[in-house]
Amino acid sequence: LPTSTVTVTPDNPVFTGETVNLKCVINSDHSNWRYEWYKDSVILQTSERYTVNRDTLTIRGATESDQGQYWCKGQRDGIRPNSSTSSSRYLSVKGLPTSTVTVTPDSPVFTGETVNLKCVINSDHSNWRYEWHKHSVILQTSERYTVNRDTLTIRGATESDQGQYWCKGQIDGRPNSSTSSSLSLSVKDLKPKPELTSDPAGAALTGNTVTLTCRVDPSTGNWDSYWYKHTLNPETEKKKTNSYSLKIDSVSDGGQYWCRAGRGKPVYYTQYSDALWVNVTVFPKAVVTVRPDERVFRGETVTLRCDIKWGGDTEWTYRWEIEGTNNQYKNTVSRTSTQELNISSVDLSHRGKYTCTGQIHTQSSQRSDAVTLTVSAEAQASVRVSPQPWLTEGESVTLICEVSGSSKGWTFSWFRDHDHLSDSSRGAGGSYTLSPAALQHTGVYTCRAERGRPAYYTHNSSSQTLWITGVSASVSLVINPSRSQHFSSDSLSLSCEDQSNSTGWTVRRYTDKDTQTCAKQTGSGCVMDSLSTYDTGVYWCESESGEKRHPRNITVHDGEVILESSVDPVIEGETLTLHCLHRSTNSPILSADFYKDGSLIQNQTTGEMNITTVSKSHEGFYYCKTERGQSLHSWISVRVRGQISVLKILSFLLAASPHLLATVVLLYKCYRARVSSAEDQSQYAVTEEETSI
């Protein structure tokens with residue numbers, strides 16, 4: 001059977017109101033066909049709107065209800081009953097497309113601008129013919145108007161070009177057209193002038209960014225901005241959006257700035273803005289200070305302060321940062337915006353490097369240098385004495401209290417024999433000075449430091465004994481065996497020997513706990529049958545009236561090795577002999593290393609070390625070390641030989657004839673003057689012989 005198809009005129013889609021012709025085309029040489037037309041499944045007959053004329057179906061004044069599937073069937077009369085049925089053809093009926101007029105640039109436009117109006121028809125068809133109208137007058141291409149299909153161009157607009165513009169679109173062979181609504185074009189004679197502003201306003205600070213904004217009345221449409229610095233030369237212009245971010249790196253970035261706006265091709269420019277001065281000032285740098293100190297101790301109250309040398313500090317807000325601690329505390333610090341960062345009870349989690357910046361409006365200061373906060377577990381006070389802990393009444397001595405690793409903000413309290421000393425006038429900072437020293441100042445001194453509010457206290461220092469001896473008696477503490485170090489479990493005897501044969505002297509001692517009389521006292525002597533480390537301390541002779549004489553250090557070691565050294569000071573110019581003794585033999589060990597102030601000074605195979613012609617430079621802490629162990633440290637003190645001979649003479653003269661008192665005083669003054677010129681006062685030491693004056 002021959003094939004058949006349905007064609008439609010005009011092309012699909014058709015518009016409401018149009019006349020539509022559908023034709024049934026049978027691909028056959030025969031012409032005696034009878035035709036039937038169908039819409040969907042309904043056969044169509046000639047009616048008011050439909051006309052069936054053999055192979056053609058005509059629809060007059062199409063409406064959207066005429067949309068649907070159309071098909072036809074051809075049939076021949078006579079001996080051939082067969083028919084040809086077409087495939088269906090869908091007819092689309094749409095309302096007449098709308099059309100609008102757009103204008104570039106946005107209305108209002110300004111005299112001299114080039115204006116483009118465009119006719120936009122909402123249709124799938126592309127073969128439209130366009131007509132342009134101003135009011136009721138059709139426009140044609142002329143000197144100032146160009147009609148190019150859907151676009152009307154007006155060159156050099158004037159106020160006379162104001163009015164209502166509309167367009168119409170039509171397709172050839174189609175009776176209907178699409179007519180737009182009118183667009184009112186407004187043309188203004190005065191060029192707009194933009195306003196130039198800066199954010200932040202006022203002084204611009206190095207290291208920050210200033211945003212310049214070129215603002216044109218928004219009712220005039222969209223514009224590009226053109227920027228100028230120092231000069232209005234168009235060759236220096238920079239095209240940007242209406243905002244210009246200016247990075248202020250140095251003072252040279254300041255100066256005079258302008259802007260103007262432009263749009264279209266060729267570019268139509270507004271007037272220039274008024275000049276804006278950007279005044280650049282070198283920005284201050286933040287400084288972090290810490291109270292009480294950068295090194296603090298767990299439990300202290302710490303305040304970090306951010307200072308910026310700039311007028312009107314109250315305008316600043318602050319930002320804190322820390323490097324080197326846990327994230328939780330970092331977040332707490334970063335949320336702090338106050339000038340001071342307070343830590344009420346500092347602990348190890350607060351350690352780190354702290355920095356701050358200040359912010360005023362949208363600008364920031366330079367970041368401060370980092371301040372490292374170090375947190376230690378506990379604070380320990382220590383005490384030292386200058387020039388020496390043994391002196392004669394009338395001389396001066398200074399006790400110095402220090403906190404290890406920290407020196408800022410401390411105030412100090414002093415204690416003697418565990419009693420608080422209230423005579424603060426003797427102290428200055430961490431020093432406590434006795435001048436002149438008296439016998440009653442003898443005792444065991446400790447100190448303690450405090451700082452901050454609420455107060456934070458250090459641990460008490462280790463003890464420092466001061467011995468002030470009189471000038472009227474000559475008493476010696478005799479120790480047997482005569483050395484400063486002793487083995488535990490050994491025996492030791494001590495006795496007080498008085499050259500004036502007076503009685504009433506007893507051996508007293510101070511250990512790390514308290515002051516006490518020797519447990520096994522026999523007259524002016526004391527015997528300890530079995531020593532223990534508890535017996536380590538300072539021993540001296542004390543009269544019934546409380547006078548203290550001849551203090552000496554005794555150290556008891558429960559190890560295998562001790563250092564044998566003289567319990568008394570070594571006289572300058574004499575020989576110092578040290579032995580390294582072993583517990584089992586109580587005799588020198590064959591091989592031993594000897595140390596002074598932590599440094600190896602000799603290695604001896606005899607277990608003995610000799611220093612001939614001792615001088616003041618040999619004073620220090622000595623100890624020895626062998627394969628069997630190491631001794632404790634002993635202080636070796638060196639005394640000037642000249643002091644002894646002079647003082648012996650003075651003591652002899654005073655004892656022989658009280659009438660020579662004036663001569664004695666004169667000689668003693670000469671002696672003191674000689675000592676002062678010969679050696680530093682801090683090296684002056686009271687010897688046993690001086691106590692006899």
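In this text, all values refer to a predicted model and were calculated from it rather than measured experimentally.
- Taking CD1 of Ile171 as the reference point, atom CG of Asp11 lies at 9.0 Å (rounded to 0.5 Å).
- Panel note: side chain Thr355, backbone Ala370; no donor-acceptor pair is recorded below 3.5 Å.
- Scanning both residues, Asp55 and Trp37, for their nearest heavy atoms gives O-CZ2, 3.1 Å.
- Using a 4.5 Å heavy-atom cutoff, the side chains of Val267 and Tyr226 are in contact.
- Geometrically, Arg260 engages Tyr269 in a cation-pi contact, judged by NZ or CZ lying under 6.0 Å from the ring centre and within 45° of the ring axis.
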Could you go through the side chain to side chain contact (heavy atoms under 4.5 Å, CB included) check for Tyr145 and Gln140 one step at a time? CA-CA 7 Å; Tyr145 292 89; Gln140 304 290 339; over 6 Å; no
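- Under the 3.5 Å distance criterion, with hydrogens and angles disregarded, no donor-acceptor pair is assigned to the side chains of Arg319 and Ser337.
- Using a cut-off of 4.0 Å between Lys/Arg side-chain N and Asp/Glu carboxylate O, Lys309 and Asp307 are scored as not salt-bridged.
- The side-chain tip of Lys118 does not point at the ring of Tyr130 from less than 6.0 angstrom away and within 45° of straight on.
- Thr153 and Asn116 share a donor-acceptor pair across their side chains, judged by distance under 3.5 Å alone.
- Residues His30 and Arg76 have side chains in contact (heavy-atom distance under 4.5 Å, counting atoms from C-beta outward).
- Between Tyr244 and Trp227, the ring centre distance stays below 6.0 Å.
- The aromatic rings of Phe15 and Trp128 are tilted relative to each other, their planes meeting at an angle between 30° and 60°.
- Using a 4.5 Å heavy-atom threshold, the side chains of Thr211 and Leu246 count as separate.
- Look at Glu340 and Arg291 and you find a salt bridge, because one of the NZ, NE, NH1 or NH2 atoms lies within 4.0 Å of a carboxylate O, short of that distance.
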Chi angles and distances behind the side chain to side chain contact (heavy atoms under 4.5 Å, CB included) call for Tyr268, Phe110: CA-CA 9 Å; Tyr268 174 82; Phe110 298 90; 3.2 Å; yes
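- Among all heavy-atom pairs drawn from Arg263 and Gly221, the shortest one is NH1-CA, 4.0 Å.
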Please determine whether ring pair (Phe, Tyr, Trp, His ring centres under 6.0 Å) holds for the pair Trp258 and Tyr272, giving the CA-CA distance in whole Å, both sets of side-chain angles, and the decisive distance to 0.1 Å. CA-CA 7 Å; Trp258 295 265; Tyr272 287 99; 7.8 Å; no
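- Heavy-atom neighbours of Asn32 CG from other residues, nucleotides or ligands within 6.0 Å: above the threshold of 12.
- In this structure the side chain of Trp71 reaches within 4.5 angstrom of the side chain of Thr85, judged on heavy atoms.
- Here the CG atom belonging to Leu117 is positioned 10.0 Å from the OG atom belonging to Ser180, to the nearest 0.5 angstrom.
- The main-chain N or O of Val93 is found under 3.5 Å from a side-chain atom of Gln67 such that the two form a donor-acceptor pair.
- Using a 4.5 Å cut-off on side-chain heavy atoms (C-beta onward), Leu304 and Val302 make contact.
- For the pair Asp40 (side chain) and Gln69 (backbone), a donor-acceptor distance under 3.5 Å is present.
- Note that the SG atom of Cys72 and the CZ atom of Arg89 stand 11.5 Å from one another [nearest 0.5 Å].
- Although no hydrogens or angles enter the test, the distance criterion places no donor-acceptor pair under 3.5 Å between the side chain of Ser273 and the main chain of Pro194.
- Using a 4.0 Å cut-off between a side-chain N of Lys or Arg and a carboxylate O of Asp or Glu, Asp249 and Lys247 qualify as a salt bridge.
- Of the N and O atoms on the side chains of Asn12 and Ser92, not one donor lies less than 3.5 Å from an acceptor on the other residue.
- Rounding to the nearest 0.5 Å places OH of Tyr35 at 11.5 Å from OG of Ser86.
- Among all heavy-atom pairs drawn from Ser198 and Pro200, the shortest one is OG-O, 3.4 Å.
- Using a 3.5 Å distance cut-off with no hydrogens or angles, the side chains of Ser407 and Trp410 do not pair a donor with an acceptor.
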From CA spacing to verdict: side-chain hydrogen bond (donor to acceptor under 3.5 Å, both in side chains), Ser406, Asp293: CA-CA 8 Å; Ser406 180; Asp293 194 4; 3.0 Å; yes
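- Distance alone, capped at 3.5 Å, is enough to place a donor-acceptor pair between the Thr46 side chain and the Val52 backbone.
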If you apply the rule side chain to side chain contact (heavy atoms under 4.5 Å, CB included), what do you find for Thr458 with Phe297, and how did you get there? CA-CA 9 Å; Thr458 67; Phe297 301 91; over 6 Å; no
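- Taken from CD in Glu294 to CG in Leu373, the straight-line distance is 8.0 Å, to the nearest 0.5 Å.
- A 4.5 Å side-chain heavy-atom check between Val288 and Trp320 finds at least one atom pair inside the cut-off.
- At least one side-chain heavy atom of Ser364 sits less than 4.5 Å from a side-chain heavy atom of Asn208.
- Ile308 approaches Gly358 most closely through the heavy-atom pair CD1-CA, 3.5 Å.
- Using a 3.5 Å distance cut-off with no hydrogens or angles, the side chains of Thr51 and Asn53 do not pair a donor with an acceptor.
- Around atom NZ of Lys353, no more than 12 heavy atoms belonging to other residues, nucleotides or ligands sit under 6.0 Å away.
- Side chain to side chain, Asp217 and Ser219 meet the donor-acceptor criterion of an N or O pair below 3.5 Å.
- In this structure, Tyr90 has its ring center at least 6.0 angstrom away from the ring center of Tyr70.
- The two residues Thr301 and Pro292 come nearest to each other via the heavy atoms O-CD, 3.6 Å.
- In this structure, Arg298 contributes its side chain and Val346 its backbone to no donor-acceptor pair below 3.5 Å.
- Atoms OG1 and CD, from Thr158 and Glu113 in turn, are 12.5 Å apart once rounded to the nearest 0.5 Å.
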Please walk me through it: do Ser376 and Arg295 pass side chain to side chain contact (heavy atoms under 4.5 Å, CB included)? CA-CA 8 Å; Ser376 300; Arg295 178 171 181 181; 3.3 Å; yes
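- Between Arg60 and Glu48 there is no salt bridge, since no side-chain nitrogen of the basic residue lies less than 4.0 Å from a carboxylate oxygen of the acidic one.
- Here the side chains of Leu57 and Val6 are not in contact, with every heavy-atom distance at 4.5 Å or above.
- For Val8 against Val20, the heavy-atom pair with the smallest separation is CG2-CG1, 3.6 Å.
- Using modelled atom types, one finds a donor on one side chain and an acceptor on the other under 3.5 Å when comparing Ser178 with Ser99.
- Taking a cutoff of 4.0 Å between a charged side-chain nitrogen and a carboxylate oxygen, Asp66 and Arg49 qualify as a salt bridge.
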Assess whether salt bridge (Lys or Arg N to Asp or Glu O under 4.0 Å) is satisfied between Lys188 and Glu159, documenting all intermediate values. CA-CA 6 Å; Lys188 293 186 175 182; Glu159 289 184 284; over 6 Å; no
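- Under the 3.5 Å distance criterion, the side-chain polar atoms of Thr270 are left unmatched by any main-chain donor or acceptor of Lys193.
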